[in-house]
Amino acid sequence: MGGGGQQTDRITGTNGRFSTYTWEEVQKHTKYGDQWIVVERKVYNVSQWVKKHPGGLRILGHYAGEDATEAFTAFHPDLQLVRKYMKPLLIGELEASEPSLDRQKNAALVEDFRALRERLEAEGCFKAQPLFFFLHLSHILLLEAIALMMLWYWGTGWINTAIVAVLLGTAQSQAGWLQHDFGHLSVFKTSRWNHLVHKFVIGQLKGASAGWWNHRHFQHHAKPNVFKKDPDVNMLNAFVVGTVQPVEYGVKKIKHLPYNHQHKYFFFIGPPLLIPVYFQFQIFHNMISHGLWVDLAWCISYYVRYFLCYTQFYSVFWAVILFNFVRFLESHWFVWVTQMSHIPMNIDYENHQDWLSMQLVATCNIEQSTFNDWFSGHLNFQIEHHLFPTMPRHNYWRAAPHVRALCAKYGVKYQEKTLYGAFADIVRSLEKSGELWLDAYLNK
């Protein structure tokens, strides 16, 4: 076996022989600065590449020492192009006696899921309809135009301002779903065009950062609901979630807040504050600390446009108040939609599951309807979105019956809820987690 070999005409180790590795050896390389991954049985040293990875610094580290084949396939629409970038990182392959999958994963399930993906690709489910996204962008711009026209014709009275705020909040929420499409490379055939338009939509239409979003959101998709890997379950000690963390905090007598009441104070510090306070600070801090100057320029262009438009009708003070109220409305929309499919699901530390099993325990669907599709940006098909993140969202409904059938075959639970039931489950799950914390805090 080789040890950190070099790439020549063949993959050779320091002893001049073909470099092959066992899973045991691969799994030793998991620390920052020494990270290996396995893709299609080939072993890659990504220790330095993590700093250049377009999906962010941490996502490769989350798969260090593991088989990343399914994640590699899921995230990259042009596999051949990505393989070219990976060639200099290649240091060997698994020994012939080693299984292709690590940690006792179900090979039959993984193979059937791979076959399902190929079938969906052949049926055109990964082909975008440009008209769909053009119309979606148009209705966002129309909402913003109507808001300005209302101020122009009817002035800045309280009722008119409230209606304008709702229109702008709706436009911001829908722009959030649209930037999500481009961020996942699901609109254009080439990653370059997706990235360029993503910067425009998230920067000029929303005043946020593509780089910040990529770094955060791809981690969530790579390891959903996994503590220390999914930033969406890093609650900054404001909440305890799932069934593992509450007991852990209770046993350790950790009490930053009265978690047994978290299902109540969630309404005051969750939906109202996530975007206007936490995300707002995090976005600017991330852009400046990481030198994302292009993102910052796009972001500033949003604020320039906003204040040029709305200081025609309001003083600077009231324009700022309107801006924050719109963010407040958008934040409620965003939190309820994004958390209804995750917070009530299983939240745990790393269990090294196959792609389908990992995504299904962390996600659920909301029943399909025209309103639910529009309201959630098709994230009511959260299962299909997580399994196939580069699939255009207007095709999720086509994939859903096939996914459901595959889950039934292997006994994997496929959950679908009503919209109201999903919202209620967020509160119920927070209440349950709080009760687990209190019991452990008092009795263990």
Side-chain angles (χ1 to χ4, degrees), residues 133-180 200-209 264-284 296-340 369-377 379 419-420 423-424 426-427:
F133 296 102
F134 173 77
L135 291 175
H136 191 82
L137 173 61
S138 297
H139 105 286
I140 294 167
L141 299 178
L142 179 63
L143 288 168
E144 295 204 359
I146 291 173
L148 287 170
M149 289 173 62
M150 289 184 66
L151 291 173
W152 181 271
Y153 283 104
W154 291 300
T156 58
W158 285 106
I159 294 176
N160 200 42
T161 295
I163 296 172
V164 166
V166 170
L167 289 172
L168 291 178
T170 302
Q172 283 296 296
S173 296
Q174 292 298 321
W177 309 145
L178 184 62
Q179 69 81 22
H180 181 261
F200 165 75
V201 175
I202 197 172
Q204 167 55 223
L205 297 187
K206 289 195 60 60
S209 164
K264 301 172 186 175
Y265 66 70
F266 167 77
F267 291 93
F268 299 97
I269 70 172
L273 301 183
L274 182 66
I275 290 179
V277 178
Y278 178 59
F279 276 4
Q280 199 75 7
F281 169 79
Q282 194 182 64
I283 287 168
F284 277 95
L296 183 61
W298 276 115
C299 188
I300 291 173
S301 75
Y302 164 80
Y303 286 95
V304 169
R305 175 174 63 87
Y306 173 82
F307 283 104
L308 283 177
C309 288
Y310 289 92
T311 53
Q312 303 297 316
F313 307 101
Y314 300 96
S315 67
V316 172
F317 174 80
W318 285 108
V320 171
I321 295 297
L322 175 62
F323 169 85
N324 282 287
F325 184 59
V326 169
R327 287 285 191 245
F328 170 83
L329 295 176
E330 177 198 1
S331 188
H332 280 80
W333 193 326
F334 175 83
V335 170
W336 287 102
V337 168
T338 57
Q339 298 312 306
M340 66 184 179
S369 71
T370 301
F371 174 79
N372 286 353
D373 291 350
W374 173 83
F375 181 73
S376 68
L379 293 182
L419 184 64
Y420 173 78
F423 285 170
I426 296 175
V427 180

Practice item. For atom CZ of Phe325, decide whether the heavy atoms of other residues, nucleotides or ligands shown that lie under 6.0 angstrom number more than 12. Key: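 Atom CZ in Phe325 is not crowded, with 12 or fewer foreign heavy atoms closer than 6.0 Å.
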Check your understanding: Are Phe375 and Trp333 close enough that their ring centres sit under 6.0 Å apart?
Key ->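 Ring centroids of Phe375 and Trp333 are less than 6.0 Å from each other.
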Exercise for review: Taking ring pair (Phe, Tyr, Trp, His ring centres under 6.0 Å) as the test, write out the residues that go with Tyr420, two or more places apart.
Suggested key: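 Once residues adjacent in sequence are excluded, Tyr420 has no partner under the ring pair (Phe, Tyr, Trp, His ring centres under 6.0 Å) criterion.
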Point to revise | Side-chain heavy-atom pair Thr311, Tyr306 within 4.5 angstrom cut-off | key: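 Result no, sub-4.5 Å side-chain heavy-atom pair not found.
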Review point. With a 4.5 Å limit on heavy-atom distance, are the side chains of Val164 and Val326 in contact?
Key: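 They are not in side-chain contact.
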Practice item. Look only at the side chain of Ser331 and the backbone of Arg327, and say whether a donor-acceptor pair between them is shorter than 3.5 Å. Key: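 Not at all, since once roles are kept as given, no pair shorter than 3.5 Å links the two residues.
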Practice item. Check whether any side-chain N or O of Lys206 sits under 3.5 Å from a backbone N or O of Gln172 as a donor-acceptor pair, and report yes or no. Key: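 Yes; judged by distance alone, with no hydrogens or angles, the pair exists.
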Review point. What residue pairs, at least two apart or across chains, pass salt bridge (Lys or Arg N to Asp or Glu O under 4.0 Å) with a residue in residues 301-325?
Key: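 Listed by first then second residue: Glu144-Arg305.
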Check your understanding: Where does the angle between the aromatic ring planes of Phe334 and Phe279 fall among parallel (under 30°), tilted (30 to 60°) and perpendicular (over 60°)?
Key ->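 Aromatic pair Phe334/Phe279 classed perpendicular.
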Exercise for review: Please round to the nearest 0.5 Å and tell me the distance separating atom OH of Tyr303 and atom CZ of Phe323.
Suggested key: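 Reported to 0.5 Å precision, the distance equals 3.5 Å.
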Check your understanding: When rounded to the nearest 0.5 angstrom, what distance separates CG in Leu168 from CD1 in Ile140?
Key ->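 Atom-to-atom, Leu168:CG and Ile140:CD1 are 12.5 Å apart.
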Check your understanding: According to the side chain to side chain donor-acceptor pair (under 3.5 Å) rule, which pairs have a member within residues 149-168, sequence neighbours left out?
Key ->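 For residues 149-168, and leaving out neighbouring residues, the side chain to side chain donor-acceptor pair (under 3.5 Å) pairs sorted by first residue read Thr161-Tyr314.
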